[in-house]
Amino acid sequence: MIKVSLPDGSVREYEEGASPFDVAKSISNSLAKKALAARVDGELRDLMRPLDGDAKVELVTANDPDGLELIRHDAAHVLAQAVQELYPDAQVTIGPVIDDGFYYDFAREEPFSTEDFEKIEAKMRAIVDADYPIIREVWDKDQAIETFKNVGEDYKAQIIDDIIPPGEAITVYKQGDWFDLCRGPHLPSTGKLPKAFKLMKLAGAYWRGDSKNEMLQRMYGTAWANEKDLKAHLLRLEEAEKRDHRKLATQLDLFHLDGLAAAGSIFWHPKGYQIWLQIESYMRRRLDAAGYEEIKTPQLMDSVQWEKSGHWGKYRENMFIVPDFIPEGDEGVDISVPEDAKLMALKPMNCPAHVEVFKSGQKSYRDLPLRLAEFGCCHRNEPHGALHGIMRVRQFTQDDAHIFCREDQIVEESIRFCRLLESVYRDFGFENIAVKLSTRPDVRAGDDATWDRAEKGLEEAVKAAGLPCEIMPGEGAFYGPKLEFQLTDAIGRVWQCGTLQLDYVLPERLGAEYTASDGSKQRPVMLHRAILGSMERFIGILIEEFSGAFPMWLSPVQVVVAAITDAANDYAVEAAAALRKAGLRVETDLRNEKINYKVREHSVQKVPIIAVVGGREAEERTLALRRLGSNGQQMISLDDACIELAQEALAPDLKPN
RNA sequence: GCCGGCUUAGCUCAGCUGGUAGAGCAUCUGAUUUGUAAUCAGAGGGUCGGGGGUUCGAGUCCCUCAGCCGGCACCA
């Protein structure tokens with residue numbers, strides 16, 4: 001007999017060889033029906049797999065997060081089986097669980113089409129209905145390779161060959177005639193898979209994630225414990241789509257993109273640029289208060305400069321290179337570049353130029369830390385397939401700064417930076433910030449003791465700002481460890497925004513030095529840092545975060561004064577002027593339209609405040625305020641409105657607490 | 001860069017198996033002077049992404065280029 005302890009603390013006895021399923025059945029039939037798998041001494045296992053001996057057993061149902069993961073994993077398997085039954089020429093590769101679902105990569109000559117989805121989903125449902133028992137088998141590695149090769153599954157054979165250490169056994173899961181290499185665990189039978197799944201999209205994906213390899217066809221799906229959850233998920237996606245910054249940018253007339261005129265660059269319209277300007281002035285105030293000095297450096301620099309900084313060697317294929325020559329001829333100007341023409345490059349980064357500013361004149365240890373900031377416009381020749389709305393562009397402006405300091409000042413500076421970043425993000429309403437600490441890579445500059453200090457310093461800095469931090473081992477740049485601060489867009493895509501990178505190398509390469517207290521020349525350490533990252537990307541995320549309904553201080557138009565009839569026009573103009581004088585961004589709407597029409601239009605345009613004026617208001621010198629998102633009206637005197645609204649419109653850093 | 005899909009009026013979209021383009025909103029003009037989410041009427045507006053081909057005839061079929069979208073790779 002074996003002893004099984006259950007989560008409620010009770011202990012029960014079972015025959016040798018009993019499985020978690022037997023345990024579930026002994027508790028209740030309904031539990032046995034609902035159970036999908038079990039945690040045995042904390043390890044997730046198949047429901048039918050016999051227990052090895054005494055154990056703590058927890059049954060996992062669809063309501064358990066692990067249960068949902070099992071469902072998605074099984075959905076991937078059922079998908080693979082369905083595809084192979086329908087398209088025998090398709091080879092299976094891998095099919096993991098991801099956020100909200102799963103995918104499966106297939107190798108097949110002929111492309112799949114989304115029109116195949118219906119057929120595949122029907123087949124998947126048929127496999128669920130067939131209720132094939134899912135059986136775990138342990139195979140010998142060589143035998144497994146042989147078997148998979150024999151059935152034409154070269155990719156699977158390769159996975160086994162590469163991933164499984166020699167001599168080790170592997171597990172294979174069978175369902176009906178179909179079988180797949182898999183670590184498991186799985187549901188006891190295909191019938192346990194809820195039919196709440198849906199194939200979502202097709203995409204190409206490189207075998208093993210390497211662009212040198214062949215491209216496979218990836219099918220993405222979503223799977224849930226029940227139909228209701230699936231519906232809710234699809235609805236969420238629909239809602240998220242409405243918040244897409246590209247859609248809102250058109251609706252709210254913020255900016256436009258023109259892939260033909262300037263792929264990957266943005267045409268900012270007055271309203272969008274107003275948001276930009278507000279953010280820029282806010283950042284300028286915050287940086288100034290934090291001891292930064294703002295500079296402006298060249299857009300174009302000689303290739304010699306980029307050679308010295310190392311960019312020419314490491315980053316050239318992403319740089320826009322411009323020949324420094326004047327084309328000759330009058331008609332049909334000859335633009336063929338002479339061979340001896342000097343080359344210039346648009347800056348992809350600001351750092352080398354900032355070092356030049358540091359280097360000009362003499363620097364003393366008394367000048368450190370020197371914090372040089374720039375809203376630096378950078379150009380990067382990104383692969384066309386990488387461009388994405390305003391989030392990934394080829395021309396963008398960083399809220400960049402470089403802190404030149406002594407090594408013993410790094411920790412203090414990092415802490416100050418993380419605190420500043422946290423406070424800025426909070427002002428913009430972001431609370432969920434993912435922080436990644438990338439540590440030393442295999443190939444790196446500098447000694448281990450320095451890396452130890454640097455990594456520890458960054459970790460300490462993140463903690464001091466009260467942010468959680470995930471370590472990414474080996475992901476650091478060769479010149480130093482880095483922190484990355486990430487925000488998420490409407491549909492859950494993660495974007496890097498802020499960053500803090502320690503750099504011991506560039507000051508050396510470009511020969512930056514300062515005079516220490518003992519008169520010796522010393523090398524400063526350089527901290528590359530950005531809070532918003534790029535203005536473009538940050539604004540894109542803000543648009544999605546607020547669904548275009550910006551808080552008052554960022555809103556391009558803060559108040560629209562809408563007149564009810566032309567009799568109120570004069571007063572509307574006067575009221576708008578008064579509000580403008582109070583510092584607000586105000587428009588008037590004097591069109592010959594009904595007030596309903598105006599209210600609707602400005603509400604759709606997400607203007608925070610509509611001030612309606614008619615005869616009564618003109619007479620009493622008041623405004624009828626309607627705030628975005630509320631149907632109520634607030635009657636207020638024009639004088640009070642000027643004071644009250646101006647107060648409301650203050651940026652967070654200017655608001656008295 | 002790679003795989004797949006898409007590209008029709010300013011915007012959102014319709015246009016069946018090929019017979020030389022439609023709607024709503026927006027714009028303009030006129031009427032209406034209106035009290036908190038769309039007043040009515042009229043008008044203008046498109047070499048159907050570019051180029052090539054098949055055909056008596058192409059928005060529709062084929063090729064090609066570009067851009068965009070979704071992924072992958074990339075992302076100091």
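A, B, ... follow the sequence lines: proteins, then strands. Residue 1 opens every chain.
For B:rC74, the OP1/OP2 oxygens have no side-chain nitrogen or oxygen of A:Arg392 closer than 4.0 Å.
Residue A:Arg108 contributes atom CZ, which lies 13 Å from atom C1' of B:rG4 at whole-angstrom precision. Spacing between atom CG of A:Leu257 and atom P of B:rC69 amounts to 8 Å, rounded to whole angstrom units. As rounded to whole Å, 18 Å separates atom C1' of B:rG70 from atom CZ of A:Phe112.
If A:Thr250 and A:Ser211 are placed on RNA chain B by their nearest nucleotide, the residue sitting closer to the 5' end is A:Thr250. Taking the nucleotide of RNA chain B with the nearest heavy atom to each of A:Thr114 and A:Asp244, the more 5' of the two is matched to A:Thr114.
The base of B:rG71 lies outside donor-acceptor range of the side chain of A:Tyr206, with no N or O pair under 3.5 Å.
Between the side chains of A:Gln395 and A:Glu536, no donor-acceptor pair is found at a separation under 3.5 Å.
Panel note: side chain A:Asp302, backbone A:Gln305; no donor-acceptor pair is recorded below 3.5 Å.
Within residues 372-383 of chain A, the residues that have a heavy atom under 4.0 Å from RNA chain B are, in order of number, A:Arg380, A:Pro383. Within residues 608-622 of chain A, the residues having any heavy atom under 4.0 Å from RNA chain B are, by residue number, A:Val612, A:Gly614, A:Gly615, A:Arg616, A:Glu617.
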**Message:** Let's test your reading of the pairing rules: Watson-Crick or G-U wobble, both distances under 3.5 Å, then write RNA chain B as a dot-bracket string with ( ), [ ], | and dots.
**Reply:** (((((((..((((.....[..)))).(((((.......))))).....(((((..]....))))))))))))....
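Under a cutoff of 6.0 Å and an axis angle of 45°, A:Arg72 and A:Trp224 form a cation-pi pair. Under the 6.0 Å distance and 45° angle rule, A:Lys314 counts as a cation-pi partner of A:Phe478.
Salt-bridge formation is detected for the pair A:Arg218/A:Asp105: a Lys NZ or Arg NE/NH1/NH2 atom is positioned less than 4.0 Å from an Asp or Glu carboxylate oxygen. With respect to A:Arg108 and A:Glu110, a salt bridge is recorded, a charged nitrogen being found less than 4.0 Å from a carboxylate O.
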**Request:** Kindly indicate, with the supporting measurements, whether the criterion side chain to side chain donor-acceptor pair (under 3.5 Å) is fulfilled by A:Gln501 and A:Tyr479.
**Result:** CA-CA 9 Å; A:Gln501 302 183 24; A:Tyr479 52 72; 2.7 Å; yes
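Heavy atoms of A:Leu202 sit under 4.0 angstrom from at least one base atom.
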